There are 2 protein chains.
Amino acid sequence: MTDLDIAEVAHRAGVPASTLRFYEEKGLIAPTGRRGLRRQYDPGVLERLALIALGRTAGFSLDEIARMFAPDGQPRIDRRMLSARAEELDRTIRELGVLRDSLRHAAACPAPSHLECDTFRRLLDAAASGGVTAPGRRPPERR
Amino acid sequence: MTDLDIAEVAHRAGVPASTLRFYEEKGLIAPTGRRGLRRQYDPGVLERLALIALGRTAGFSLDEIARMFAPDGQPRIDRRMLSARAEELDRTIRELGVLRDSLRHAAACPAPSHLECDTFRRLLDAAASGGVTAPGRRPPERR
DNA sequence: TCTTGACCTCAAGTCGACTTGAAGTAGAAC
DNA sequence: GTTCTACTTCAAGTCGACTTGAGGTCAAGA
């Protein structure tokens with residue numbers, strides 16, 4: 001009986017209790033039982049929540065993450081899915097890198113207007129032709 | 001009179017006409033006039049749309065982007081804002097890099113279950129303690 | 001002149017991930 | 001035994017960026 005109260009889980013995982021209820025509704029987590037009305041959780045739920053957070057950061061939707069858990073609760077992560085996401089991330093990273101460098105340049109550029117700066121214009125052309133746009137899945141928002 | 005019809009702009013910019021109307025409502029673009037009911041645009045709108053797309057990719061909201069245009073239509077981009085966003089992007093990039101490497105490892109890892117893999121567990125711990133999570137602003141979704 | 005079809009307006013809907021609010025309940029402290 | 005308070009349920013609201021639908025208009029081609 002080392003179960004954790006929902007408040008404890010919320011605190012340790014750094015998410016509001018409402019999120020835990022929401023995740024339960026989505027089938028992502030489940031309490032071991034109740035004490036009165038209050039949900040009690042196995043400490044393992046913390047690992048699971050970490051896994052969920054990780055998946056979200058990697059760009060998976062909650063539904064996709066839900067599908068990654070086998071009925072027995074064990075994660076059954078498709079290795080091909082991981083590779084594919086890693087490749088997508090890699091593309092995103094490269095695009096964001098170009099963007100970061102361009103922003104830095106624009107910030108330092110002495111041209112009176114950005115539109116008169118060649119580097120900025122080149123970036124703009126790239127964006128217009130789809131070279132920089134299309135960053136793929138988004139990571140979740142910071143809390 | 002080299003103005004472009006809304007359909008032409010939509011086609012060249014690669015966005016639906018509804019988006020152009022929406023941007024107009026938001027104060028991001030404006031037609032030079034109408035031909036009948038149809039909006040006509042100065043070709044410069046394409047550059048402006050590219051700038052908007054670029055801003056979105058960099059993680060700015062439409063409202064923020066709107067504020068970047070001076071009343072005269074010239075972009076008045078705050079250099080400090082650009083630097084700040086570049087730094088944020090840089091952090092995001094580094095985080096995503098860690099994540100990508102971890103995903104690759106997990107995809108290749110021979111451990112029977114990911115939970116038994118040390119690398120994966122370390123990643124999980126990092127995620128749980130907020131080291132990997134919190135990627136900041138999200139770039140826009142791919143079309 | 002008539003038809004066609006692409007545009008027009010305005011309100012409402014969508015999507016994902018949660019949050020908020022109202023009304024209820026039960027364990028624990030007094 | 002009563003009160004307090006943190007939980008409970010369920011429905012509805014929020015946010016950003018658009019999209020969709022209904023009903024209307026007008027320039028251009030036949």
Side-chain angles (χ1 to χ4, degrees), chain A residues 1 3-41 49 51-67 133-143, chain B residues 1 3-41 45 49 51-68 133-143:
Chain A
M1 254 297 178
D3 275 5
L4 308 173
D5 186 83
I6 186 171
E8 180 72 13
V9 174
H11 178 247
R12 289 215 217 170
V15 301
S18 63
T19 299
L20 298 179
R21 283 183 220 111
F22 176 71
Y23 281 0
E24 177 177 341
E25 200 178 329
K26 282 247 148 187
L28 285 162
I29 60 174
T32 49
R34 303 270 181 134
R35 176 195 290 264
L37 286 182
R38 295 169 187 224
R39 290 164 172 81
Q40 303 296 120
Y41 293 93
L49 286 169
L51 209 46
I52 293 169
L54 188 61
R56 296 266 307 116
T57 302
F60 293 100
S61 73
L62 291 183
D63 283 350
E64 285 172 315
I65 293 170
R67 271 179 255 123
T133 321
R137 310 232 172 190
R138 14 172 130 167
E141 199 72 48
R142 180 197 312 278
R143 301 199 173 287
Chain B
M1 252 298 180
D3 277 7
L4 307 172
D5 187 81
I6 186 172
E8 180 72 13
V9 174
H11 178 246
R12 289 214 216 171
V15 302
S18 63
T19 298
L20 299 179
R21 280 182 224 113
F22 177 70
Y23 281 0
E24 179 177 341
E25 200 178 332
K26 282 246 147 188
L28 286 161
I29 60 174
T32 48
R34 303 270 181 132
R35 174 195 291 264
L37 286 181
R38 296 170 188 220
R39 290 164 172 81
Q40 303 296 120
Y41 295 92
V45 79
L49 286 170
L51 209 46
I52 293 169
L54 187 61
R56 297 266 306 117
T57 304
F60 293 99
S61 72
L62 291 183
D63 283 350
E64 284 173 312
I65 294 170
R67 270 180 256 123
M68 289 181 190
T133 319
R137 311 234 172 182
R138 17 173 129 162
E141 199 71 49
R142 181 197 310 279
R143 299 202 171 283

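All values reported here derive from a predicted model rather than from experimental measurement. Quick note on labels: first sequence line is chain A, next is B, and so on, each numbered from 1.
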[X] [atom1] to [N] [atom2], straight-line distance once rounded to whole Å:
{"X": "B/Leu20", "N": "C/dA6", "atom1": "CG", "atom2": "C1'", "value": "15 Å"}
{"X": "A/Phe22", "N": "C/dT19", "atom1": "CZ", "atom2": "C1'", "value": "10 Å"}
{"X": "B/Leu28", "N": "D/dC18", "atom1": "CG", "atom2": "C1'", "value": "13 Å"}
{"X": "A/Arg34", "N": "D/dA6", "atom1": "CZ", "atom2": "P", "value": "18 Å"}
{"X": "B/Glu24", "N": "C/dC7", "atom1": "CD", "atom2": "C1'", "value": "13 Å"}

Item to complete: Test A/Asp5 against every option in A/Arg39, A/Arg38, A/His11 by the side-chain contact (heavy atoms from CB on, under 4.5 Å) rule and name the one that passes.
Response: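 Testing A/Asp5 for a side-chain contact (heavy atoms from CB on, under 4.5 Å) against A/Arg39, A/Arg38, A/His11 leaves exactly one candidate, A/Arg38.
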Worksheet item: Hey, what do you get for OH (B/Tyr23) to CD1 (B/Ile29), rounding to the nearest 0.5 Å?
Response: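 Spacing of OH (B/Tyr23) from CD1 (B/Ile29) equals 8.5 Å.
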Worksheet item: On DNA chain D, nearest-nucleotide positions of A/Ile6 versus B/Ser18: which is more 5'?
Response: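 The answer here is A/Ile6.
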Output yes when at least one side-chain N/O atom of [X] is less than 4.0 Å from OP1 or OP2 of [N], else no.
{"X": "A/Thr19", "N": "C/dT19", "value": "yes"}
{"X": "B/Arg39", "N": "C/dT9", "value": "yes"}
{"X": "B/Tyr23", "N": "D/dC18", "value": "yes"}

Worksheet item: With a non-hydrogen cut-off below 4.0 angstrom, is A/Ala7 in contact with a base, only sugar-phosphate, or nothing?
Response: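 Sugar-phosphate contact only.
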Discussion item. Within the structure provided, determine whether A/Glu24 and A/Tyr41 are in side-chain contact (heavy-atom separation under 4.5 Å).
Written reply: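 Result yes, sub-4.5 Å side-chain heavy-atom pair found.
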Worksheet item: How would you list, by chain and number, every residue that makes a salt bridge (Lys or Arg N to Asp or Glu O under 4.0 Å) with B/Asp63, sequence neighbours excluded?
Response: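 Salt bridge (Lys or Arg N to Asp or Glu O under 4.0 Å) check on B/Asp63 returns B/Lys26.
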Response to the item:
Reading nucleotides 24-30 of chain D from 5' to 3' and marking B where a protein heavy atom lies under 4.0 Å of the base, S where only the sugar-phosphate is that close, and - otherwise, the string is BSSSS--
Response to the item:
Protein-proximity profile, nucleotides 10-16 of chain C, B/S/- by nucleotide at the 4.0 Å heavy-atom cutoff, equals -------
